[in-house]
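All remarks here apply to the structure that follows.
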Amino acid sequence: MAEKTDVEEVYAALEESARLVGAVCSRDKVWPVLDSFGAALGEDLVVLGVQSGERNAAELDFSFRVPAGIGNPYPYALAKGFVGETDHPVGALLSDVSDRIPVNEYYIDAGVVGGFKKLYAHFPQALQPLAALTDIPSMPDAVAENAGLFTRYGLDKVAMVGVNYRARTMNLYFQFAPDNRPEPGAIASMLREMGMPEPDEAVLQYVSAAMRANITLGWDSAHVFRVALAPPPSAGFDPSEIPAPMEPHMERFVQRAPFAYKGERVNLIAVKWVPEEQFVEANSYYQLSPMLRKLTQADAMSEAGRAGSAAPGNLAARANALFEEAVSGPRTQLGENLLRMSLTAWENPELQPQLLGKVRAATSSTEGAEYLRRHFSALLVDRLGEVVDVPRLRLNALVVQVVGVIMLRYVMKMEPIASASVDELVETFAPTLQGYLSE
């Protein structure tokens, strides 16, 4: 039997991923896109994505790099019938950008249900000041009309322009310098000025790690249609790391979507806002670009090195490393080790501010509470339940004890728990915890 072509392999991955999210993969919509633009599918980035909310239900998006030989893909898409002739500026924008900016690469975006959707011009090596884009004839007036708002929040260097031909909207991808990412308070203020729902503290903390801001604009008004922020892609997935609710089919997708590279699956989870709501987009990378492959491998090595050190790093990775250390000891000391694990993390002066932020968010919002619930449930109930065979109610009781000690010591600062040594606390509470874990 002949081996599958790259296009066939990607199509099979789309079919499998569509089943995970409850979408119906339409070959009539998908195959023409892959066949027309997929000459480089076996060599570079392929990303699959799904969004929460009713407006995005039963669709799976996919994006990949346009072969370099095509150049500006808009005339090619026009010749292939993916877009129609139009006098609207949406038809001229990508060509106008390409004529004025040294574009590194182009991308295409489509859906397994809706088919062809967007084209992108990516120019990360020639970041453009916002003022340069306002001079492009087909650029929406909304860009210039919002320029003051954008620059107030550090949105002044653009790395990519996207064009949605079906919706007649466009996207500006603003690049943040690593040492100049917006603070959570600034993000809240920016969203407020743009007319978006204000997120809670946990979400703001999460998106403050973003390297880019994706702003959607149109030609008919100065209104900002949508804002998206996401931390960089990373290997692995821990639901407790995501402070906004994810629907079950989305978690299933990022945990089980197929991928064609070694190591862990790479995901990117974005938070998006429209004036009516906040929602989440989950992206899973089927293939990695050479640069992204190097970056994620470097991140994994760095994270492994941090896990046993005092550096804060990724909170979930740190918690997982401490948990594995705790359960590796004798079962008769498991209660003691788990409590010491928790207190050790909270005693770390670099970790404690992050942990306090999570707790405060949990006491002030349903999203923050959901974040902590998932974290404790995943680590001290689900995973601990794989180690000891005791009723789930006992594991819940253990969580009550651990969280209670943390709240009294670090949040409420109630004496004498607040000033007691870690050894004193372990000596006092560990026997009770061990009792819950006795089979």
Side-chain angles (χ1 to χ4, degrees), residues 26 28-30 32-33 36-37 49 51 55-56 59 61-66 70-123 128-150 155 158-174 194-196 212-228 272-276 281:
S26 170
D28 290 343
K29 295 289 188 179
V30 174
V33 175
S36 298
F37 291 93
Q51 301 182 66
R55 71 172 65 202
N56 306 305
E59 178 64 290
D61 294 323
F62 61 99
S63 304
F64 58 92
R65 186 173 64 86
V66 173
I70 291 178
N72 173 9
Y74 179 74
Y76 187 78
L78 190 64
K80 292 287 185 178
F82 292 110
V83 294
E85 294 280 2
T86 179
D87 293 330
H88 191 280
V90 71
L93 182 58
L94 200 71
S95 297
D96 283 349
V97 168
S98 301
D99 290 343
R100 291 163 173 79
I101 298 172
V103 176
N104 296 95
E105 56 200 356
Y106 297 91
Y107 287 90
I108 184 171
D109 181 64
V112 300
V113 176
F116 175 89
K117 190 185 303 181
K118 297 181 183 179
L119 293 173
Y120 302 86
H122 192 211
F123 36 91
Q128 295 296 301
L130 187 61
L133 296 185
T134 62
D135 292 335
I136 295 177
S138 55
M139 190 67 64
D141 292 340
V143 176
E145 291 170 1
N146 285 287
L149 169 61
F150 294 156
L155 306 182
V158 179
M160 184 162 66
V161 170
V163 186
N164 187 324
Y165 296 93
R166 188 188 309 163
R168 290 191 169 180
T169 58
M170 57 84 62
N171 302 82
L172 294 177
Y173 289 79
F174 291 96
M194 292 180 179
M196 305 299 164
R212 288 182 177 179
N214 173 6
I215 308 294
T216 304
L217 301 165
W219 279 266
D220 296 333
S221 74
H223 172 67
V224 175
F225 287 99
R226 187 176 62 204
V227 179
K272 297 187 171 185
W273 296 267
V274 293
E276 300 81 15
E281 180 182 63

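No experiment lies behind these values; they were computed from the predicted model shown. All values below come from the heavy atoms of this structure, side chains included, with hydrogens, waters and symmetry mates left out.
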query: Given side chains that start at C-beta, do those of P73 and K80 come closer than 4.5 Å, heavy atoms only?
result: no

statement: All heavy atoms of S36 vs all of I70, minimum pair found to be O-CD1, 4.2 Å

message: For a quick test of reading the model, state the closest non-hydrogen atom pair linking G162 to Y173 and the distance between them.
response: N-CE1, 4.5 Å

- prompt: Counting N and O atoms only, with roles assigned by atom type, does the side chain of E105 sit under 3.5 Å from a partner on the main chain of A121, one being a donor and the other an acceptor?
  reply: no

field: Heavy-atom closest contact (G218 atom, F225 atom, distance)
entry: N-CE1, 3.2 Å

field: M160 backbone acceptor or donor facing R212 side chain under 3.5 Å
entry: no

message: For a quick test of reading the model, state the closest non-hydrogen atom pair linking Y74 to S95 and the distance between them.
response: CD2-OG, 4.2 Å

- request: Going by the salt bridge (Lys or Arg N to Asp or Glu O under 4.0 Å) test, name the single residue among K117, K29, K118 that passes it with D61.
  value: K117

task: Nearest 0.5 Å please: distance from the CD1 atom of I215 over to the OG1 atom of T169.
output: 12.5 Å

- request: Please state whether the rings of F37 and F116 are parallel, tilted or perpendicular, taking 30° and 60° as the class boundaries.
  value: parallel

message: Determine whether Y165 and T86 satisfy the following criterion, side-chain hydrogen bond (donor to acceptor under 3.5 Å, both in side chains), listing intermediate values before the conclusion.
response: CA-CA 10 Å; Y165 296 93; T86 179; over 6 Å; no

- prompt: When the ring planes of F62 and F64 are compared, do they come out parallel, tilted or perpendicular, using 30° and 60° as the limits?
  reply: parallel

message: Please check: side-chain N/O of Q128 versus main-chain N/O of L133, any donor-acceptor pairing under 3.5 Å?
response: no

task: Assess whether atom CG of N104 is packed by more than 12 heavy atoms of other residues, nucleotides or ligands within 6.0 Å.
output: yes

query: Does anything in residues 130-148 pair up under side chain to side chain donor-acceptor pair (under 3.5 Å), and if so which pairs, sequence neighbours excluded?
result: D96-S138

- request: Begin with the C-alpha distance, continue with both residues' side-chain angles, and end with the deciding distance and a verdict on side-chain contact (heavy atoms from CB on, under 4.5 Å) for F82 and V33.
  value: CA-CA 8 Å; F82 292 110; V33 175; 3.7 Å; yes

field: Between CG on residue L155 and CG on residue L149, distance to nearest 0.5 Å
entry: 7.5 Å

message: Would L78 and E85 count as a side-chain contact (heavy atoms from CB on, under 4.5 Å) here? Give the steps.
response: CA-CA 7 Å; L78 190 64; E85 294 280 2; 3.6 Å; yes

message: With a 4.5 Å cut-off on side-chain heavy atoms, are V161 and N171 touching?
response: no

statement: Of all heavy-atom pairs linking A228 and K272, the shortest is CB-CG, 3.5 Å

task: State, to 0.1 Å, how close F123 and V103 come at their nearest heavy-atom pair, and which atoms those are.
output: CB-CA, 4.2 Å

message: As an exercise, state the distance from CE of M139 to CG of L172, rounded to the nearest 0.5 Å.
response: 6.0 Å

task: Supply the atom-to-atom distance S63 OG to Y120 OH, rounded to the nearest 0.5 angstrom.
output: 5.0 Å

field: Straight-line distance of L93 CG to R168 CZ, nearest 0.5 Å
entry: 13.0 Å

